[in-house]
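To find a chain, count down the sequence lines: A is the first, B the second, and so on, and within it residues start at 1. These numbers come from a predicted model, not from an experiment.
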Number of protein chains: 2
Amino acid sequence: MSNQAVINKRLSGLDEILDKSAQLMAHMGYHGTSMRDLAQVTGRSLSGLYHYFSNKEELLFLINQRGFTSLLKMSNDLLKQDLTTKERLSGLISNHVSYFIDHLSEMRIMTSGSMEMNEQRSHILWKLKEEYARLGQNIVGNYMREQAETDYSEDAIIRKTFLLYGMMNWIFGWYSEQEHGAAKDVSDDIFRTFTCGCCSTE
Amino acid sequence: MSNQAVINKRLSGLDEILDKSAQLMAHMGYHGTSMRDLAQVTGRSLSGLYHYFSNKEELLFLINQRGFTSLLKMSNDLLKQDLTTKERLSGLISNHVSYFIDHLSEMRIMTSGSMEMNEQRSHILWKLKEEYARLGQNIVGNYMREQAETDYSEDAIIRKTFLLYGMMNWIFGWYSEQEHGAAKDVSDDIFRTFTCGCCSTE
DNA sequence: TAAATTAACGAACGGTCGTTCGGATAATTA
DNA sequence: TAATTATCCGAACGACCGTTCGTTAATTTA
């Protein structure tokens with residue numbers, strides 16, 4: 001097996017652990033999920049898990065890091081395309097909502113803070129989150145300044161961006177595919193509501 | 001001391017415990033907060049806590065029940081007043097946001113689900129939540145149907161209401177009074193954004 | 001004041017927690 | 001094939017968990 005394949009195999013094993021752990025932790029909470037629980041759902045022994053990470057806290061970190069890195073990559077790819085401001089905003093929302101709905105468990109963990117982590121790890125996550133937040137704020141700010149003749153303060157734009165992310169991040173509190181439609185329906189609804197208000201049909 | 005005073009004293013003791021427990025649990029999570037931690041922050045002994053509730057799960061239940069009951073009472077009071085549909089929506093948002101900002105820790109717990117509770121208790125909370133949700137859906141539905149000539153499906157209104165509550169319930173993820181203004185500024189922003197879109201100055 | 005109730009406590013219980021260790025097995029490399 | 005490395009495991013460690021018990025102090029009631 002080639003070197004890359006080894007790495008892939010390893011990452012594949014880790015990825016599977018991260019997925020299943022996130023699913024359990026999303027239901028039971030970080031402290032409410034024991035290493036023995038995780039060993040069971042991943043089909044491994046308790047001590048065998050420590051081959052993939054050095055302790056439980058690092059597992060939580062890896063789940064967060066992987067998620068935010070994916071979100072960031074998607075959004076950076078979006079910025080590379082030649083799009084209008086409106087299309088950028090629409091794309092940002094669509095990306096975020098799709099990823100959210102496809103990774104409900106991970107996102108539940110990612111949106112519940114990182115109080116349990118040491119300073120270095122939470123700093124790394126904080127930087128990722130901030131980069132992602134700033135990216136969103138820029139897109140929202142460009143859209144708002146382009147649409148309206150009035151100028152907006154930086155604070156106003158930041159707060160408005162938080163409102164947008166609130167609509168998206170609250171999804172885990174209610175969404176089910178059969179009841180509330182496909183991801184595209186939800187992201188369209190959010191885009192219309194955010195740009196034109198709740199009664200818009202545009 | 002009168003009977004009522006006794007009850008007040010007792011409730012006062014319990015209320016203080018619920019407040020301080022909610023504050024700690026909001027930071028550390030339910031499982032991440034030990035009864036010994038709670039004993040310390042409430043200035044009581046470990047075993048002394050069990051005078052006020054029979055176990056840790058009931059404490060979590062009481063925090064949730066008290067919160068949702070307060071929210072429901074506020075909103076029911078609102079419906080008793082003679083207001084326009086628009087004023088009702090504005091009042092609903094204002095009430096929710098004010099309570100949220102004044103009780104950030106409790107709301108963080110209340111919005112993080114009730115997976116840890118037994119069937120009977122979580123059913124009681126589920127009923128409270130549903131009553132509060134339906135109340136919001138009615139107000140939002142009335143507003144939307146009144147504003148637009150087109151008709152909206154029940155599902156569309158429900159989803160739109162979730163978007164509104166998303167903007168409000170995400171507050172704990174970012175709000176600080178010094179950075180983001182008073183509660184009234186936030187609720188005004190949410191009302192305008194929800195009714196007329198992000199660029200509205202209404 | 002006597003009785004009754006409320007509020008509070010220290011000590012201890014069995015159980016579960018995260019983590020470690022030494023060694024086994026499987027896969028890859030030289 | 002031999003050496004090396006990646007996976008994986010059972011057993012055990014001390015620490016901490018939620019809860020219970022018997023008892024005492026404080027407060028209210030009769």
Side-chain angles (χ1 to χ4, degrees), chain A residues 1-22 24-25 27-64 109 114-118 121-122, chain B residues 1-22 24-25 27-64 109 114-118 121-122:
Chain A
M1 200 185 267
S2 73
N3 236 336
Q4 187 57 42
V6 172
I7 292 173
N8 281 343
K9 176 90 184 298
R10 215 179 134 181
L11 284 180
S12 160
L14 178 58
D15 263 338
E16 187 204 350
I17 291 177
L18 295 186
D19 285 340
K20 294 182 174 170
S21 300
L24 199 55
M25 282 187 178
H27 276 84
M28 319 281 285
Y30 172 71
H31 291 291
T33 308
S34 70
M35 292 296 296
R36 287 161 181 84
D37 293 333
L38 297 177
Q40 206 202 331
V41 297
T42 57
R44 284 172 168 83
S45 74
L46 174 58
S47 50
L49 286 177
Y50 285 85
H51 174 69
Y52 292 92
F53 43 85
S54 59
N55 50 47
K56 192 183 176 186
E57 184 198 302
E58 189 180 57
L59 168 64
L60 180 63
F61 169 78
L62 291 174
I63 292 173
N64 277 271
I109 293 172
S114 47
M115 283 293 157
E116 349 280 5
M117 261 170 288
N118 72 32
R121 287 193 180 122
S122 58
Chain B
M1 198 184 268
S2 74
N3 237 336
Q4 187 58 42
V6 171
I7 292 172
N8 281 343
K9 176 88 184 298
R10 217 181 133 178
L11 284 180
S12 161
L14 178 58
D15 263 339
E16 186 204 352
I17 291 176
L18 296 185
D19 284 341
K20 293 181 174 171
S21 299
L24 199 55
M25 282 187 178
H27 276 85
M28 319 281 286
Y30 171 71
H31 291 290
T33 308
S34 70
M35 292 296 296
R36 286 162 181 83
D37 293 334
L38 297 177
Q40 208 202 331
V41 297
T42 56
R44 285 172 168 83
S45 72
L46 173 59
S47 51
L49 285 177
Y50 286 85
H51 174 69
Y52 292 92
F53 42 86
S54 59
N55 50 44
K56 194 184 175 186
E57 183 198 302
E58 187 179 58
L59 168 64
L60 180 63
F61 170 78
L62 291 174
I63 292 173
N64 277 271
I109 293 173
S114 47
M115 284 293 157
E116 348 280 5
M117 261 169 289
N118 72 34
R121 287 192 181 123
S122 59

Should [X] and [Y] count as side-chain neighbours, where that means a heavy-atom distance under 4.5 Å?
X       : Y        : answer
A:Asp19 : A:Glu16  : no
A:Leu18 : A:Leu14  : yes
B:Lys56 : B:Glu116 : no

| query | Looking at B:Leu49, B:Ile17, B:Leu46, which hits side chain to side chain contact (heavy atoms under 4.5 Å, CB included) with B:Leu38? | reply |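 Output: one option passes, namely B:Leu49.
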
Could you tell me how far apart [X] ([atom1]) and [N] ([atom2]) are, to the nearest whole angstrom?
X       : N      : atom1 : atom2 : answer
B:Glu58 : D:dG18 : CD    : P     : 16 Å
B:Leu14 : C:dA7  : CG    : P     : 10 Å
B:Arg44 : D:dG18 : CZ    : P     : 18 Å
A:Lys56 : C:dC17 : NZ    : P     : 9 Å
A:Met35 : C:dT20 : CE    : P     : 10 Å
B:His51 : D:dA25 : NE2   : P     : 18 Å
A:Leu38 : C:dT19 : CG    : P     : 11 Å
A:Leu46 : D:dC8  : CG    : C1'   : 12 Å

Under 4.0 Å between any heavy atoms, over every strand shown, what does [X] touch: base, sugar-phosphate, or nothing? Just pick one.
X       : value
A:Thr33 : sugar-phosphate
B:Leu49 : nothing
B:Arg36 : base

| said: Using a 3.5 Å distance criterion without hydrogens, assess whether the side chain of B:Tyr30 forms a donor-acceptor pair with backbone atoms of B:Ile109. | reply: no

| request: Please tell me which of the listed nucleotides, C:dA8, C:dG18, D:dT20, lies nearest to the side chain of B:Ser45? | output: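 Selected nucleotide (nearest to the side chain): C:dA8.
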
| request: Go through the N and O atoms of the side chain of B:Ser47 and the base of C:dG10, and report whether any donor-acceptor pair is under 3.5 Å. | output: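 Indeed there is one.
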
| query | Does the side chain of A:Tyr52 get closer than 4.0 angstrom to OP1 or OP2 of D:dA6 through an N or O atom? | reply |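 So the side chain of A:Tyr52 is outside the cut-off, no N or O lying under 4.0 Å from OP1 or OP2 of D:dA6.
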
